[in-house]
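Reading through the structure tokens given below for one structure.
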Amino acid sequence: MASTVVIADDSRTVRRMVREALEQDSHLVLEACDGQDALTVLESNAADLVITDVNMPRMDGLSLVRAIRQSQQNRFVPILVLTTESGSDMKQKGRDAGATGWIVKPFEAGTLREVVRRVLRKDAA
Amino acid sequence: MTQESLREIFLEEASELLAELESGVLRLESGAADSDTIHAIFRCAHSLKGSSAMVGLDQMAHFAHAVEELLNGLRSENVQSTPRVVELLLTSTDTLRRMLEESRRNESCSAEDEHVRESLQAALRDVAAGCDTEIEPPRTTTSLAPPSEPKTTYDIRFRPPRDLLRRGLDPIHLIMQLERIGTLVRVSPDMSDLPELEQMSPEECYLGWDIRLETNATVEAIAERFEFVGDPAAISIRAASDDGPETMDRETRARGSAPPSVEGSSLRVGTDKVDRLIDLVGELVITQSMIVRTVGHFAPEDLPSLEESVARMDRQARELHERMMAVRTVPLRSLLGRFPRLVRDVAAEQSKQIRLETDGEDTEIDKAVMDLLADPLNHLVRNAIDHGIEDPATRQAAGKNPAGVVRIAARQSAGQLLIEVSDDGRGLDLDAILAKAADLGVTAPGETPSDEEIRDLIFHPGLSTAEKVTQISGRGVGMDVVRKKLESAGGRIAVESQCGQGTRFLVSLPLTLAIIEGQCLKAAGRTYVLPLTAIAESVRPGAGSISQMPRGAEAILVRGKALPLVRLADLLGHDTDRADATEKIAVVVTQDGFSAAVLVDELSSQQQVVIKSLNTHFTRSDGISGATILGDGRVAMILDVAGLLALARRSRGDSGDRQLRGRARAAAIPAAAAAFSAESATGTEGRT
């Protein structure tokens with residue numbers, strides 16, 4: 001079943017890449033250009049997954065994760081953090097904030113789809 | 001998606017980033033830069049690094065990384081903004097821009113240039129000294145072990161941390177996902193940590209699982225599946241010892257290996273729904289065997305227990321039926337989910353600002369109803385944006401928020417799905433609609449319809465609410481098609497509008513197409529079923545309320561309004577019965593804005609009826625949409641309101657032909673009913 005995925009990243013390239021990759025699995029991808037924007041998108045759309053960059057203007061990725069985890073509506077939504085650092089430090093920070101998982105940049109479309117499949121509940125196929 | 005088109009986007013984005021980087025550095029030079037500026041230019045370099053790596057421009061990524069490191073030093077105030085730093089940053093920006101240009105033209109740079117770049121990169125590093133300069137190698141996709149390898153059975157002990165659910169991880173999903181690398185032989189839960197109910201927090205994960213997995217994947221590949229769990233202690237994987245007997249939990253296995261759903265005619269059904277069905281069938285079998293036993297040695301004193309069993313079976317059968325129908329239902333979310341994108345696209349095209357609100361995504365409806373609803377809903381939403389919401393300037397001038405709101409709200413009520421599509425736009429222009437209708441000859445000149453009637457005119461073929469056809473909505477699909485489509489499914493649509501305040505479409509549809517609320521009625525000694533949704537009211541004709549019209553047609557006066565009167569028996573070709581109409585009942589049916597009164601002998605019960613299609617057995621006959629089996633086992637035809645009204649109109653216009661057509665149908669319908677009951681009788685025989 002198609003899921004709704006919100007991608008928060010200030011880079012259009014990354015957003016486009018995520019969109020194209022996930023649309024192959026017929027997910028609906030909604031783009032947000034930073035954390036604040038993502039929260040706005042989440043206000044009016046029920047997302048099944050949020051993918052967020054860490055470093056973004058206005059509101060960074062970890063603040064976004066915390067904000068989502070504190071929200072009433074979306075607190076249990078899986079969240080994947082895109083990070084450029086693969087060190088366990090970043091992973092720990094992400095986990096502490098409440099992130100579900102992470103993807104290390106740069107990544108390939110196949111890797112992304114695989115990881116998304118792993119955390120999306122609806123997609124048991 | 002081709003690599004080229006991704007690169008196109010990247011090139012465009014990178015130029016913008018470089019421009020922003022450059023202007024930031026210039027501000028840095030003029031001393032006008034605050035920490036926000038530094039953060040912003042850091043982000044530029046950071047994004048550039050990430051994006052260029054993504055499109056495979058590794059050299060650029062490396063270079064951008066060096067710039068990022070220097071800016072990171074500036075950001076953390078380890079590096080001071082000196083003229084040398086600014087110079088270095090500006091040169092770097094130029095270099096990055098050249099790299100971009102090379103990439104655009106698919107050129108490679110000269111060896112000399114490469115040397116310059118390397119030394120520049122080194123200089124950047126020197127300045128940023130103290131910072132970590134390591135560059136992440138691109139991560140490779142972990143591939144699963146080749147399938148040719150022999151399968152191993154692993155025992156996996158999974159004791160997730162308590163906060164698992166709060167981090168958006170679903171343990172069941174994690175386990176189910178193991179199916180993708182092997183076969184789940186057994187999954188058994190460990191409930192030893194489960195606290196008392198009053199101490200239980202629904203947000204904590206108390207359960208653990210022992211999983212037996214048969215796979216040719218390596219231990220590492222299995223562990224990777226649990227990577228996001230985060231706590232290494234949560235999971236232990238070891239090869240299973242062979243001696244342990246396979247204590248097979250069939251149910252678990254069946255659930256674990258549920259086949260993936262296939263698009264098309266198949267349906268993905270939640271295991272919980274299936275489980276409850278299986279339970280119910282089990283209970284039903286038990287009740288049935290109890291009844292068989294009681295009946296086998298029946299003594300009068302057993303009557304109360306027999307009655308009790310029959311009552312229980314009744315309850316179970318009813319629940320089974322309801323739940324079986326629910327198997328076909330899907331949440332509306334999968335339909336509504338496509339609208340945010342649609343709204344964005346349409347709004348962007350028209351330079352309008354639209355906020356989409358949706359409500360009731362969890363409403364469950366029959367998949368067939370949802371498929372049918374897709375087009376009309378799509379059209380209503382497009383219409384709302386296209387014709388309803390004004391452009392931002394107009395809205396502002398009218399004192400409204402420049403951003404318009406389109407709202408789709410769904411809910412269930414009394415066996416109906418109610419969907420409301422509303423906007424806060426300009427509303428319907430009643431004068432314009434009336435003028436157009438008069439133009440097209442839909443309304444007679446000089447006629448003064450009520451506001452409600454005018455609003456209803458938008459459902460008339462040929463009328464549109466906007467003067468000009470736009471690219472999006474002007475596809476020849478008008479509101480008349482929307483209404484036809486909804487009504488074909490037993491639905492209705494109504495419109496409310498306030499000039500300047502907005503428009504609201506109310507759609508109601510049956511939750512399922514397989515069951516309808518029916519009114520049983522009798523005519524010429526036969527029972528028919530009329531869909532309750534089509535009935536407006538029933539009246540007993542008063543003496544003199546029926547008047548003869550030309551060509552044998554009749555009309556009845558109901559609440560001061562003359563409606564065409566249709567004698568059902570007559571219409572369906574039974575013997576013409578001109579007995580006193582005041583002994584009968586006139587049922588007022590409405591569809592497509594057209595009303596008629598159907599004269600029947602008597603009304604009997606109202607009940608839910610299951611529609612059995614006649615299509616496979618008989619050619620379609622007007623006025624009949626299907627058949628159903630009533631509680632007493634008899635077959636009753638379900639009347640098709642649209643068809644009846646069409647017949648009524650035709651017979652009004654051409655009564656001479658009516659008898660003829662009626663005779664032909666007179667032969668067809670009883671034959672159909674007879675064949676149908678014969679068929680269902682053999683069906684019953686076959687089952688017992």
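Below, read A as the first sequence line, B as the second, and so on, with proteins coming before strands; counting in each chain starts at 1.
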If I measure from the heavy atoms of chain B, does A:Asn55 come under 4.5 Å with its side chain, its backbone, both, or neither? both
Side-chain donor-acceptor contact under 3.5 Å, B:Glu68 with B:Asn72: no
A:Ser63 versus A:Asp60, side-chain donor and acceptor atoms under 3.5 Å: yes
Which atoms of A:Glu23 come close to chain B, meaning under 4.5 Å heavy atom to heavy atom: side chain ones, backbone ones, both, or neither? side chain
With distance as the sole criterion, is a donor-acceptor pair present between the side chains of A:Gln24 and A:Arg113 under 3.5 Å? yes
Between B:Glu13 and chain A, with a heavy-atom cut-off of 4.5 Å, which part of the residue counts as in contact: side chain, backbone, both or neither? both
Per-residue contact mode, A:Ile68 against chain B (heavy atom under 4.5 angstrom): neither
Quick one: what part of A:Val65 sits under 4.5 Å from any heavy atom of chain B, side chain, backbone, both or neither? neither
If I measure from the heavy atoms of chain B, does A:Arg12 come under 4.5 Å with its side chain, its backbone, both, or neither? both
Go through A:Ala21, A:Ser44, A:Pro78 and name the one with the most non-hydrogen pairs under 4.5 angstrom from chain B. A:Pro78
Taking B:Ser35's backbone N and O only, do any of them form a donor-acceptor pair with B:His39's side chain (distance below 3.5 Å, no angle check)? yes
Quick check for you: among A:Gly98, A:Pro57, A:Gly101, A:Ala109, which has the greatest number of heavy-atom pairs under 4.5 Å with chain B? A:Pro57
Structural part of A:Arg15 lying under 4.5 Å from a heavy atom of chain B: neither
Give, as side chain, backbone, both or neither, the part of B:Phe42 having an atom under 4.5 angstrom from any heavy atom of chain A. side chain
Which bit of A:Val119 comes within less than 4.5 Å of chain B, counting heavy atoms only: side chain, backbone, both or neither? both
Examine A:Arg118 relative to B:Phe228 and say whether NZ or CZ is less than 6.0 Å from the centre of the six-membered ring and inside a 45° cone about the ring axis. yes
Hey, are the side chains of B:Cys205 and B:Leu169 touching, using non-hydrogen atoms and a 4.5 Å cut-off? no
Is it the case that B:Thr358 and B:Glu361 place a side-chain donor and acceptor less than 3.5 Å from each other? yes
Please classify the contact between B:Glu12 and chain A as side chain, backbone, both or neither, with a heavy-atom cut-off of under 4.5 Å. both
Output yes when a side-chain donor or acceptor of B:Thr183 lies under 3.5 Å from a complementary backbone atom of B:Glu179, and no otherwise. no
